[in-house]
Amino acid sequence: MTSWEIVSRAFEFVAEEMGVMLKRSAMSPNIRERMDHSCAIVNERGDVVAQAEHIPVHLGSFSIGVKNLLQQVELEDGDMAIVNDPYVSGTHLNDVMVIAPVFRGKLLGYVVNKAHHVDVGGPIPGSLNPYASTLYEEGFVIPPLKLMRNGKLNDDVVRIIRENFKVSDTSLGDLNAQISANLIGIARVKQLVEKYGVTQVVEAWNSSMEYARRLTLTEVARWPKGAGEEEDYLELDRLTRIRVRVEVSDQGVLADFSGTDPQVESPFNAVYGVTFSAVSFVIRSLLRKDVPTNEGFYSVVKVRAPVGSLVNPTKPSAVGGGNVETSQRIADVTFKALSHVMPVPAAGAGTMMNIMMGGLRGRYWAYYETVGGGTGARPDRDGVSAVQVNMTNTLNTPIEIAERQYPLLFTAYRVREGSGGRGRFKGGDGIIRAFKVLDRTRLSVMAERFLVPPWGLLGGGNGKPGRVTIISGKVKREMPSKFSTVLEAGDEVVIETPGGGGLGKEETAGSSS
């Protein structure tokens with residue numbers, strides 16, 4: 001291993017250590033237990049030089065969001081900036097981004113993290129409003145502001161958060177964890193600069209990015225050349241189309257979303273950072289080599305997304321569900337388009353199955369959870385059951401933690417057997433997760449794949465679609481994929497997530513392989 005590789009790997013571990021600090025310091029189960037956060041290090045231009053293996057939809061957006069932020073805020077030594085405006089940060093309002101510069105005589109770069117705050121205001125607990133038509137109905141928008149000046153916390157920003165985030169004590173605890181993560185990142189970067197020197201560190205960053213670019217191009221050069229075009233659908237008031245043409249060449253991969261439907265008056269628009277993240281995830285997951293995921297890799301991925309479309313809306317279109325649901329469909333359709341060029345997996349569950357709850361129990365409480373599903377069958381083996389799929393990489397909230405902190409009693413948590421699509425290789429099965437509420441509770445759900453099931457490939461069967469059932473006494477209600485309702489104490493919610501699609505025709509008895 002050459003010296004630049006040693007230095008470069010060290011910075012990847014710095015990003016990982018930042019994530020450990022953030023997780024251990026956070027107050028909300030969503031970050032402390034589910035690890036819904038991501039960390040990275042960028043150079044003075046905002047290029048990603050190292051990132052931890054955290055949340056795909058966060059990571060790809062750093063390449064977009066940091067550059068956007070740096071155009072609006074100039075940071076001095078000891079400063080930190082905060083933003084959650086999706087049209088700057090590149091995801092959705094719940095993802096609060098905090099960035100800090102690293103100086104060693106001169107500006108070297110920045111440490112940055114994103115964390116999903118369980119509630120950032122707005123009318124719905126969890127701030128993911130199924131009925132939002134604009135950004136302003138989703139939550140409180142924080143433009144790029146200085147959170148810290150010369151090492152001192154900006155009390156004005158803290159007061160604004162305290163008065164607008166519904167579980168503000170928890171949110172401010174999580175924000176302190178983000179600050180701590182950046183402080184440990186700054187300290188570790190400075191230690192490495194002290195050890196190796198500024199010149200060698202910068203050279204290592206540049207060498208790592210160039211290496212990632214060359215290795216990615218070398219790997220893509222081994223793929224069959226050509227283009228595939230496909231479309232897939234979101235289940236909104238009508239089936240809404242996402243169309244993409246993916247072209248593979250020696251220069252890299254181009255995804256063109258021309259033909260995608262216009263932006264909608266609902267929260268399922270995906271800002272450009274989300275679209276870029278989803279396409280980047282697909283390309284990264286198909287590379288067989290261990291490619292450093294930095295700006296060198298990202299430079300090989302090109303995305304054309306028409307302004308004013310579902311995958312690149314204009315402000316103030318609502319975008320909360322674009323981050324969590326449309327991102328999944330973008331990944332699905334990108335895989336499907338590439339299936340015309342090379343072997344890819346069938347569709348996975350295709351939804352994060354977002355569950356948001358909250359209410360008053362002495363004081364306000366808010367709960368957020370995503371429920372995993374089945375992955376699609378792979379070209380040479382079955383899919384995986386009961387895992388988070390594609391654009392999310394979170395854990396679940398342990399039942400013991402959820403029951404201790406919220407008025408919930410879980411009644412089921414198991415694999416949804418038989419929900420994966422059939423085929424030569426079977427799709428992974430989804431999950432059944434059920435609970436009763438112990439107090440009057442506002443429940444909101446944002447999900448997909450209730451009507452259009454996860455597709456199979458090459459003759460493989462589709463996965464079973466998702467389903468949510470509410471049981472009130474002897475009355476059962478089958479719910480749509482997007483809704484908000486009030487539950488009374490004792491009501492039970494049964495969540496069934498989709499299985500993945502199968503791949504290849506199922507072999508019958510007596511057939512030979």
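Please read these numbers as outputs of a predicted model, since none were measured by experiment.
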Criterion side-chain contact (heavy atoms from CB on, under 4.5 Å) on Glu53 and Glu16, from CA distance to verdict
CA-CA 7 Å; Glu53 293 184 4; Glu16 293 285 357; 3.9 Å; yes
So which of Arg34, Glu33, His116 actually passes side-chain hydrogen bond (donor to acceptor under 3.5 Å, both in side chains) with Thr394?
Arg34
Going by atom types only, do Glu137 and Thr134 share a side-chain donor-acceptor pair under 3.5 Å?
yes
Phe257 and Leu310, any side-chain heavy atoms less than 4.5 Å apart:
no
Is a side-chain N or O of Asp119 found less than 3.5 angstrom from the main chain of Ala366, in a donor-acceptor match?
no
Could you verify whether a donor N or O on one side chain and an acceptor N or O on the other, from Gln263 and Thr314, lie under 3.5 Å apart?
yes
Under 6.0 Å between the ring centres of His37 and His58?
no
With distance as the sole test, does Asn462 use its side chain to make a donor-acceptor pair with the main-chain N or O of Gly501 at under 3.5 Å?
no
For the pair Tyr367 and Tyr406, name the ring-plane relationship: parallel under 30°, tilted 30 to 60°, perpendicular over 60°.
perpendicular
Given the rule in the side-chain contact (heavy atoms from CB on, under 4.5 Å) test, do Thr91 and Val271 qualify, once you have shown the distances and angles that lead to the verdict?
CA-CA 7 Å; Thr91 48; Val271 294; 5.7 Å; no
Under 30°, 30 to 60°, or over 60°: which ring-plane class applies to Tyr298 and Phe276, parallel, tilted or perpendicular?
tilted
Can you check whether Asn323 reaches Pro86 side chain to side chain, under 4.5 Å on heavy atoms?
no
Between Tyr413 and Asn396, is there a side-chain donor-acceptor contact under 3.5 Å, judged purely by atom types and distance?
yes
Within a strict 4.5 Å, meaning less than it, do heavy atoms of the Glu496 and Phe450 side chains meet?
no
In sequence, state the C-alpha distance, the side-chain angles, and the governing distance for Lys114 and Ser61, and then conclude on side-chain hydrogen bond (donor to acceptor under 3.5 Å, both in side chains).
CA-CA 10 Å; Lys114 275 189 180 181; Ser61 71; 2.8 Å; yes
Given 3.5 Å as the limit, does a donor-acceptor pair link the side chain of Glu506 with the main chain of Arg422, or not?
no
Of all the heavy-atom pairs spanning Thr351 and Pro498, show the shortest one and how long it is.
CG2-CD, 3.7 Å
I want to check something: taking the side chain as every heavy atom from C-beta on, are Phe435 and Ile399 in contact at a cut-off of under 4.5 Å?
no
I'd like to check Phe165 versus Asp174 (side-chain heavy atoms, cut-off strictly below 4.5 Å). Are they in contact?
no
Heavy-atom check, side chain of His117 versus side chain of Ser28, under 4.5 Å:
no
Run the salt bridge (Lys or Arg N to Asp or Glu O under 4.0 Å) check on Asp491 and Arg477 step by step: do they pass?
CA-CA 11 Å; Asp491 287 354; Arg477 288 184 289 158; 5.2 Å; no
If you count every heavy atom of other residues, nucleotides or ligands that lies below 6.0 Å from Glu231 atom CD, does the total exceed 12?
yes
Take a 6.0 Å sphere around NZ of Lys476 and say whether it holds more than 12 heavy atoms from other residues, nucleotides or ligands.
no
If you measure from the Lys or Arg side-chain nitrogens to the Asp or Glu carboxylate oxygens, is any gap between Glu229 and Arg243 under 4.0 Å?
yes
Checking Arg381 against Phe425: charged group under 6.0 Å from the ring centre and within 45 degrees of the axis?
no
Closest heavy-atom pair and its distance - Ala26, Ile31
CB-CG2, 3.6 Å
Rounded to the nearest 0.5 Å, how far apart are CD1 of Ile64 and OG of Ser89?
11.5 Å
Pair Thr218, Lys289: side-chain N/O donor-acceptor within cut-off below 3.5 Å
no
Can you tell whether the side chains of Arg433 and Glu369 come within less than 4.0 Å, N to carboxylate O?
yes
Got a donor-acceptor contact below 3.5 angstrom from the Lys225 side chain to the Trp223 backbone?
yes
Under 3.5 Å, is there a donor-acceptor pair linking the side chains of Glu488 and Ser472?
no
Using atom types as modelled and distance alone, determine if a side-chain donor or acceptor of Lys166 lies under 3.5 Å from a backbone N or O of Pro123.
no
Could you walk me through whether Met97 and Val88 pass the side-chain contact (heavy atoms from CB on, under 4.5 Å) test, one step at a time?
CA-CA 10 Å; Met97 186 166 81; Val88 177; 5.8 Å; no
Check: Pro292 and Glu12 side chains under 4.5 Å, non-hydrogen atoms
yes
Check: Phe281 and Asn390 side chains under 4.5 Å, non-hydrogen atoms:
yes
side-chain contact (heavy atoms from CB on, under 4.5 Å), paired with Met353, selected from Val371, Val324, Ile431:
Val371
More than 12 heavy atoms of other residues, nucleotides or ligands under 6.0 Å from CZ of Phe410: is that the case?
yes
Once you round to the nearest 0.5 Å, how far does CG of Leu128 lie from NZ of Lys482?
13.0 Å
Would the number of heavy atoms belonging to other residues, nucleotides or ligands and lying under 6.0 Å from CG of Asp380 be above 12?
yes
Donor-acceptor contact present, side-chain Asn269 to main-chain Ala318, <3.5 Å
yes
For Arg442, does the CZ atom sit with more than 12 other heavy atoms under 6.0 Å from it, leaving out its own atoms?
yes
I'd like to know if Asp261 pairs up with Arg241 as an ion pair, taking the criterion as any Lys NZ or Arg NE/NH1/NH2 lying under 4.0 Å from an Asp or Glu carboxylate oxygen.
yes
Look at atom CD of Glu417 and say whether more than 12 heavy atoms of other residues, nucleotides or ligands are closer to it than 6.0 Å.
no
